[in-house]
Protein chains: 2
Amino acid sequence: MARTPGTTTITDVARHAGVSLSTVSRVMNGNATVDPALAERVRATAAELGYTANPLARSLVLGRTQTIAVVVPDLANPTFQEILRGLSRAAAVDGYHVLVADSAEQVDEEKVLAVDTRRRTDGVVLCAPRMDADALAALLPTLSPVVVVNRAPQELAPVVAADYRSALAELIAHLHGLGHRHLVFLAGVAGSASNAARREALADARAAHADLTIDELACGVDFDSGAAVADAVLAGGATGVLAFNDLVAMGLLSAVGDRGVRVPDDLSIAGFDDIPFARYTTPPLTTAAVPAAELGADAWAALHAQLTGATPVAAATRTPAVVLRASTGPAAR
Amino acid sequence: MARTPGTTTITDVARHAGVSLSTVSRVMNGNATVDPALAERVRATAAELGYTANPLARSLVLGRTQTIAVVVPDLANPTFQEILRGLSRAAAVDGYHVLVADSAEQVDEEKVLAVDTRRRTDGVVLCAPRMDADALAALLPTLSPVVVVNRAPQELAPVVAADYRSALAELIAHLHGLGHRHLVFLAGVAGSASNAARREALADARAAHADLTIDELACGVDFDSGAAVADAVLAGGATGVLAFNDLVAMGLLSAVGDRGVRVPDDLSIAGFDDIPFARYTTPPLTTAAVPAAELGADAWAALHAQLTGATPVAAATRTPAVVLRASTGPAAR
DNA sequence: CTGTTAGCGCGTTCAA
DNA sequence: TTGAACGCGCTAACAG
């Protein structure tokens with residue numbers, strides 16, 4: 001069944017140039033073993049006919065599509081948007097295309113999406129922070145080559161991640177240095193990998209500072225979640241807040257502002273991620289800058305290495321830099 | 001050359017089930033003319049072997065990939081991120097995949113990207129606000145089926161767009177009603193389609209209100225551009241600002257704040273787009289809410305109609321709702 | 001150096 | 001109802 005009519009094929013070029021298919025193929029692929037004059041004639045007719053090899057047919061015979069897939073839990077999340085951007089641009093430099101799959105936070109959908117998109121591509125970059133560790137381990141072999149983003153190190157695939165633990169530790173040290181002795185952590189999704197990393201930082205800090213109390217409050221990952229816990233935060237009596245991310249911090253900032261609480265005089269608030277708007281809140285948000293676009297580029301590098309059979313990248317970790325702005329200050333007393 | 005080894009093919013299933021390739025193919029495609037018992041046996045072995053038809057091979061023979069491409073000028077722009085999200089989710093509902101291509105603001109790259117990605121997909125959604133009108137008209141036929149986003153109506157493709165002209169007119173009316181008689185418009189990229197639409201609104205307003213002056217100031221489309229024109233804005237003496245978009249408005253807001261100018265008491269500032277953070281600036285931004293995700297969904301609907309041969313969608317227009325917040329107020333005098 | 005042939009994996013005619 | 005044969009468009013062996 002012939003669709004997309006009008007498209008010129010290699011057969012057309014061969015006929016017009018009076019040569020065989022193979023010769024055209026060789027010329028188009030820069031295969032040197034072709035008479036220069038003939039090659040030139042083929043190139044001319046190809047140009048004249050506006051011929052380009054059908055990528056689908058090439059993919060089928062070559063076994064590679066020059067396309068990779070990226071699975072994200074939520075395209076509305078600024079972090080994943082940045083990862084996608086970094087990934088897309090890096091892949092484009094090497095002539096690869098990117099297929100996006102948004103699981104819309106449906107954890108069980110991620111698996112299907114990953115397997116499905118993998119079959120139409122040469123590899124997958126998997127952002128699945130909430131997927132069960134066992135399910136992930138079981139999934140990875142079926143996806144190879146694959147790169148995992150922001151998860152604990154894996155046996156079966158390189159992991160590209162931000163070091164949430166170190167960065168949060170720095171943030172805690174910053175607040176501790178400002179005299180804060182009672183903090184509260186606004187936890188994100190319990191099952192998520194980066195939330196676990198953050199909790200390790202909390203445990204480290206508690207162990208290191210006997211005089212430091214860190215409460216934990218269940219929270220979501222978006223603006224509304226941050227606003228919703230405002231009363232609980234104020235009731236808890238902490239002088240400093242470690243928000244799960246910037247969105248939560250901004251929601252909290254807004255909500256406590258409505259209640260007449262001054263930041264940072266009455267309460268210090270630290271975010272996480274350094275999304276583009278973190279610097280424009282009032283006051284600007286102290287946060288840890290997760291280099292999402294760079295993570296995307298790292299992911300491509302790790303995948304590209306597998307694709308080309310180069311020395312595999314086992315893992316890449318970037319430590320978010322703590323950015324001190326005006327939402328944190330000396331502890332209220 | 002056999003790559004991706006280990007993948008079971010239709011031949012494997014046929015052999016295991018003791019039937020021909022055609023029978024397996026018929027069963028997998030729900031072709032009714034197969035003996036129920038045989039069909040069941042085929043299904044069983046297919047399930048046992050974990051067989052799924054190779055999408056590439058299907059694409060080649062069927063002439064369709066179940067994938068569409070979306071070309072955007074900048075994945076860092078919140079509006080295009082939202083369009084992508086709306087498009088991706090809508091397409092996913094109908095079982096389609098989405099290939100993204102970020103031209104990184106390289107206008108001449110857009111053409112290549114569009115043609116290139118089109119060949120690996122069934123259609124294209126083109127977001128190319130800065131492409132020359134003639135170049136666009138020349139490009140569209142080679143892309144069909146294609147949908148254009150946020151451009152003037154086209155002969156050769158449906159256009160999905162926000163009505164920038166009406167929305168800006170509303171914004172102007174709002175400010176005029178507040179007593180503003182001297183406004184300044186911070187223009188975006190001169191060649192862009194939506195900038196032209198905005199300028200039409202300016203012309204309309206000038207014609208309608210003899211007492212209204214609207215200056216124009218060349219500006220960019222991002223935060224820094226807005227901040228950069230702060231002095232020029234203040235020197236101009238306008239009491240109200242129509243920023244090209246929210247990013248520009250936020251940059252300006254921040255910069256004039258640094259200069260001790262109170263918003264809206266000394267100066268009213270209106271944005272455009274209603275990006276997620278427009279409501280969280282200080283003061284919150286009056287703006288026109290461009291429903292980007294809906295535009296993405298509209299684009300899919302228009303493309304899907306062409307793909308399925310349904311009644312074609314000629315065009316879809318959404319008028320952004322003006323959102324009044326605290327960055328605009330009575331004219332200073 | 002060139003052309004002929006055989007697939008890549010699948011859907012679909014055409015006979016049987 | 002089933003299977004054999006053909007072709008989607010291309011690349012890569014294999015001759016010549």
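Within every chain, numbering begins at 1; the chains are lettered A, B, ... in the order of the sequence lines, protein sequences first and strands thereafter. For the numbers below, each heavy atom of this structure counts, side chains included, while hydrogens, waters and symmetry mates do not.
- Direction of the helix axis in the helix from C:dC1-D:dG16 to C:dA16-D:dT1 shifts by 50° between the two five-pair termini, rounded to 10°.
- Under 3.5 Å, the side chain of A:S25 and the base of D:dA12 form no donor-acceptor pair of N or O atoms.
- Across the protein-nucleic acid pair, A:L21 atom CG and C:dA6 atom C1' stand 13 Å apart, rounded to whole Å.
- Rounded to an integer number of Å, the gap from A:D12 CG to D:dG9 P is 9 Å.
- Applying the side-chain contact (heavy atoms from CB on, under 4.5 Å) rule to B:P291 yields the partners B:E294, B:R318; only residues at least two apart in sequence or on another chain are considered.
- Map B:V34 and B:R119 each onto its nearest nucleotide of DNA chain D; the residue landing nearer the 5' end is B:V34.
- Taking atom CD1 on A:I10 and atom P on D:dC8, their separation rounds to 13 Å, with Å as the unit.
- Among the heavy atoms of the strands lying under 4.0 Å from B:L38 are primed sugar atoms or P, OP1, OP2 only; no base atom is included.
- Screening residues 12-28 of chain B for salt bridge (Lys or Arg N to Asp or Glu O under 4.0 Å), with sequence neighbours left out, gives B:D12-B:R15.
- Contacts of A:T9 with the nucleic acid, taken as non-hydrogen atoms under 4.0 Å apart, involve only primed sugar atoms and P, OP1 or OP2.
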>> Pair B:N29, B:R58 - check side chain to side chain donor-acceptor pair (under 3.5 Å), show working.
In response: CA-CA 11 Å; B:N29 293 305; B:R58 297 198 81 221; 3.0 Å; yes
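- Within the structure, every pair that satisfies the salt bridge (Lys or Arg N to Asp or Glu O under 4.0 Å) test and touches residues 119-136 of chain B, not counting sequence neighbours, is listed here: B:E105-B:R130.
- Separating the CD atom of B:Q66 from the P atom of C:dG11 is a distance of 12 Å, rounded to the nearest angstrom.
- Nearest-nucleotide positions on DNA chain D place B:S20 closer to the 5' end than the other of B:S20 and A:P55.
- The residue A:T23 sits close only to the backbone: its heavy atoms come under 4.0 Å of sugar-phosphate atoms, none of a base.
- In terms of the side-chain hydrogen bond (donor to acceptor under 3.5 Å, both in side chains) criterion, B:S88 has no residue partners (sequence neighbours excluded).
- Along DNA chain C, the nucleotide closest to A:T33 and the one closest to B:A53 are compared, and the more 5′ of them pairs with A:T33.
- Using a distance-only test at 3.5 Å, with no hydrogens or angles considered, no donor-acceptor pair links the side chain of A:Q66 to the main chain of A:R64.
- Between the C1' atom of D:dG7 and the CG atom of A:L60 lies a distance of 12 Å, rounded to the nearest Å.
- Using a 4.0 Å heavy-atom criterion, one finds that A:L56 contacts no nucleic acid atom at all.
- Under the 4.0 Å criterion applied to side-chain N and carboxylate O atoms, A:R89 and B:D102 are assigned as salt-bridge partners.
- When each of A:T79, A:V70, A:V125, A:L87 is tested with A:V149 by the rule side chain to side chain contact (heavy atoms under 4.5 Å, CB included), just one qualifies, namely A:V125.
- Between A:N31 atom CG and D:dT11 atom C1' there is a gap of 10 Å when expressed in whole angstrom units.
- One can place CZ of B:R64 at 13 Å from C1' of D:dC8, the figure rounded to the nearest angstrom.
- Side-chain N/O atoms of A:N54 include none lying less than 4.0 angstrom from OP1 or OP2 on D:dC8.
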Every protein N/O within reach of nucleotides 14-16 of chain C N/O, cut-off under 3.5 Å:
none

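- What separates CZ of A:R58 from C1' of C:dG9 is a distance of 18 Å, to the nearest Å.
- One finds no side-chain N or O of B:Y51 lying less than 4.0 angstrom from the OP1 or OP2 phosphate oxygen of C:dG9.
- Of the listed nucleotides (D:dA12, C:dT2, C:dC10), D:dA12 has the atom at the smallest distance from the side chain of A:L62.
- Checking each of A:L139, A:V124, A:L140 against A:V148 for a side chain to side chain contact (heavy atoms under 4.5 Å, CB included) leaves exactly one that passes, namely A:L140.
- Between A:Y96 and A:H304, the ring planes lie perpendicular to each other; the angle is over 60°, past the 30° to 60° tilted range.
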